[in-house]
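Below is one structure; the comments refer to it alone.
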Amino acid sequence: MTAREQTDVLVVGAGPSGSGTAAWLARHGIDVLLTDAAVFPRDKTCGDGLTPRAIGELERLGLGDWLRAHVVSQGLRAHGFGQTILLPWPGGTLPNWGSAVARTELDDHLRTTAIKAGARALDGVRAVDVRREAGRVTTVVFRRGDETVEVDCRRLIVADGVRSPLGKVLGREWHRDTVYGVAGRSYVTSTMSDDPWISSHLELRGDQGEVLSGYGWLFPLGNGEMNLGVGTLATAKRPANLKVRDLMTSYADQQRAPFGLGDELRAPTSALLPMGGAVTGIAGPNWALVGDAAACVNPLNGEGIDYGLEGGRLVAELIADGADLETAWPATLTHHYGESFSIARRLAGLVTVPRVLATLGPAGMRSDWMMTLALRWMGNLVTDEDRDRAARVWRWAGRHSHARDARPPFS
Ligand SMILES: Cc1cc2nc3c(=O)[nH]c(=O)nc-3n(C[C@H](O)[C@H](O)[C@H](O)COP(=O)(O)OP(=O)(O)OC[C@H]3O[C@@H](n4cnc5c(N)ncnc54)[C@H](O)[C@@H]3O)c2cc1C
């Protein structure tokens, strides 16, 4: 049996990138169909953390009040190498608060926001193939059980996440010689579930006691639970040879007493994470990849919700302007993230070198000033409008790094 649909813009994937894109397209008055393989609400492996960059984007979508009804964080409590430092969110041109919302709830709400804005939605349909004419995608073929659903479209947005199966069909290639993430998350009850600080442990140790190139996190959800996870950095040359679930268990054991954690880690899952625009083939004449599919993840903290939402807004603007996506989309991503992703992935790559973190970590953690800078840079909490010295240094480093890249982000 084959069912048929048609739409002006077809969005495949209803995570933050896809739902953000669909919401903005609908607000531009464009006919959009938002599809997903899963049936919502659905879970997604994530730390659930929302830094000020993500808050800013959710506020733009009109979700500030909804978010404030959840846990509100004042900043990051950084632990490690015998120190604990409280680092308030820097504010400036970005909001001065953060939050954390379980993705089962956040993504459902974002999808509903797109539908309320006028997007049509279809879930439980898996995109498996495309039909093309002269390089342009004309139809996407979906499977729903035994049924085939074909959707004719004028433009296509691929927001199908890290593995990006439809992106692969279109020729997307992920470069693992550039730094990528290996991360896992779980949920655990905690007596500190209402803590107004998110916590990161920068001294994450493996089973031999060695310092790993990554960090552990405890993000309060305000519902009696915390999101507990670990993330490490790797490259094809220096793969992360570790068992993520075992690492989460030992991290939980270490933090049980100080954070009042329960015994059981609920719903542990893990995933690989392309970062820093380390993919090629992100656009064609009438299609574009957004979010994780385009490796729009910050290499220094593993954040991607904000970049997915921002990307959705930016690609919707290009479509509303009738831009040629093949040239305009890579140029837009390079303009917004090229330099910051370039320097971030260069630094992240350095951290994968054995003993670098063990050597630099203790010195950094002894200085509030260094850690305040690190929070700002690692979180990419710098906007084009920021004129202070830390922002200028970050942009300068980004420009120089980008100019020296053998394969710059998104190329
Ligand atoms: C362990 C871990 C912790 C993280 N922690 C954080 C954090 O704290 N904060 C943060 O900002 N980011 C975090 N990230 C990154 C963040 O989860 C992603 O960057 C974000 O989910 C990207 O959103 P997206 O919409 O691009 O992709 P997704 O959220 O992955 O959405 C993709 C959607 O596409 C659908 N799909 C896939 N294939 C198909 C198909 N063939 N047909 C139809 N639909 C399909 C999927 O069902 C899914 O709903 C973390 C990632 C990991 C792995």
Side-chain angles (χ1 to χ4, degrees), residues 10-22 34-55 57-58 73 98-104 106-108 110-111 122-130 140-144 149 151 157-170 180-186 198 200 214-219 221 227-232 244-245 247-248 267-275 289-299 301-312 379-380:
L10 171 63
V11 179
V12 174
S17 316
S19 290
T21 307
L34 174 62
T35 59
D36 202 287
V39 173
F40 280 69
R42 61 102 179 87
D43 184 24
K44 153 78 179 84
T45 302
C46 189
D48 304 330
L50 300 167
T51 65
R53 218 182 156 107
I55 302 290
E57 211 46 42
L58 289 159
S73 71
S99 186
V101 180
R103 292 289 298 275
T104 309
L106 178 73
D107 289 19
D108 195 45
L110 282 168
R111 182 171 171 274
L122 201 57
D123 59 4
V125 289
R126 179 173 300 282
V128 291
D129 206 357
V130 297
V140 175
V141 181
F142 293 86
R143 301 291 300 164
R144 178 167 55 193
V149 180
V151 180
I157 297 302
V158 180
D160 55 354
V162 274
R163 292 176 188 275
S164 191
L166 198 63
K168 268 190 215 143
V169 171
L170 292 163
Y180 61 90
V182 182
R185 75 92 226 255
S186 60
I198 62 170
S200 284
Y215 68 94
W217 69 79
L218 278 158
F219 294 166
L221 291 165
N227 183 312
L228 176 148
V230 294
T232 62
V244 175
R245 290 185 191 203
L247 191 58
M248 279 196 284
T269 53
S270 62
L272 300 185
L273 201 51
M275 296 171 152
L289 270 53
V290 298
D292 278 8
C296 285
V297 173
N298 180 350
N301 69 0
E303 247 190 319
I305 297 171
D306 37 8
Y307 301 101
L309 291 169
E310 288 175 7
N380 197 14

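This structure is a prediction, so every number in the text was calculated from the model and none was measured. Below, each value reflects all heavy atoms present in this structure, side chains not excepted, and no hydrogens, waters or symmetry copies. Numbering of ligands and ligand atoms starts at 1, following listing order. When a residue number appears, it is its place in the shown sequence, counting from 1.
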Practice task
Mark the output for Gly184 as yes if a heavy-atom distance to ligand 1 is under 4.0 Å, and as no if none is.
Solution key: yes
Practice task
Say whether Ala183, considering both its backbone and side-chain N or O atoms, lies within less than 3.5 Å of an N or O atom on ligand 1.
Solution key: no
Practice task
Could you tell me whether Glu303 and ligand 1 have an N or O pair separated by under 3.5 Å?
Solution key: no
Completion exercise
protein heavy-atom neighbour closest to atom 30 (O) of ligand 1 works out as Lys44 CE, 3.2 Å
Practice task
Evaluate the criterion salt bridge (charged side-chain N to carboxylate O under 4.0 Å, His left out) for residue pair Asp36 and Arg111; output intermediate values, then yes/no.
Solution key: CA-CA 10 Å; Asp36 202 287; Arg111 182 171 171 274; over 6 Å; no
Exercise for the section: Return yes or no for this condition: an N or O of Gly304 is under 3.5 Å from an N or O of ligand 1. Expected result: yes
Exercise for the section: Say whether Phe219 and ligand 1 are in contact under the criterion: heavy-atom distance to a ligand atom below 4.0 Å. Expected result: yes
Practice task
Note the single closest protein heavy atom to atom 27 (O) of ligand 1, along with its residue, its atom name and the distance in Å.
Solution key: Gly161 CA, 3.7 Å
Problem - Whether Gly302 lies under 4.0 Å from ligand 1, heavy atom - result: yes
Practice task
List the closest protein heavy-atom neighbour of atom 32 (C) of ligand 1: residue, atom name, distance to the nearest 0.1 Å.
Solution key: Ala159 O, 3.4 Å
Problem - Any N/O pair Asp292/ligand 1 closer than 3.5 Å - result: yes
Practice task
Look at atom 41 (N) of ligand 1 and say which protein heavy atom is nearest, naming residue and atom and giving the distance to 0.1 Å.
Solution key: Ala127 O, 3.1 Å
Handout entry: Identity and separation of the nearest protein heavy atom to atom 16 (C) of ligand 1
Key = Arg103 NH1, 3.8 Å
Problem - Identity and separation of the nearest protein heavy atom to atom 4 (C) of ligand 1 - result: Gly47 N, 3.1 Å
Problem - N or O contact, Arg126 vs ligand 1, cut-off under 3.5 Å - result: no
Practice task
Give the residue, atom name and distance (to 0.1 Å) of the protein heavy atom nearest atom 8 (O) of ligand 1.
Solution key: Gly49 N, 2.9 Å
Practice task
Around atom 36 (N) of ligand 1, find the nearest protein heavy atom and jot down its residue, atom name and distance.
Solution key: Asp160 CB, 3.9 Å
Practice task
Return yes when Val125 approaches ligand 1 closer than 4.0 angstrom through a heavy atom, no otherwise.
Solution key: yes
Exercise for the section: Enumerate the atoms of ligand 1 whose separation from the nearest heavy atom of Ala271 is less than 4.0 angstrom. Expected result: 53 (C)
Handout entry: Proximity flag Leu166 to ligand 1, non-hydrogen atoms under 4.0 Å
Key = no
Problem - Heteroatom distance test (Asp36, ligand 1): nitrogen or oxygen, under 3.5 angstrom - result: yes
Problem - Shortest heavy-atom approach to atom 24 (P) of ligand 1 - which of Ser17, Gly291, Ser164 - result: Ser17
Exercise for the section: Could you please spell out the steps behind the salt bridge (charged side-chain N to carboxylate O under 4.0 Å, His left out) verdict for Asp43 and Arg185? Expected result: CA-CA 12 Å; Asp43 184 24; Arg185 75 92 226 255; 2.8 Å; yes
Handout entry: Arg42 and ligand 1 - part of the residue with a heavy-atom distance under 4.0 Å
Key = side chain
Practice task
Measure the shortest side-chain to side-chain distance between Leu110 and Leu58 over non-hydrogen atoms and say whether it is less than 4.5 angstrom.
Solution key: yes
Handout entry: Proximity flag Tyr307 to ligand 1, non-hydrogen atoms under 4.0 Å
Key = no
Problem - Leu273 to ligand 1, any heavy atom closer than 4.0 Å - result: yes
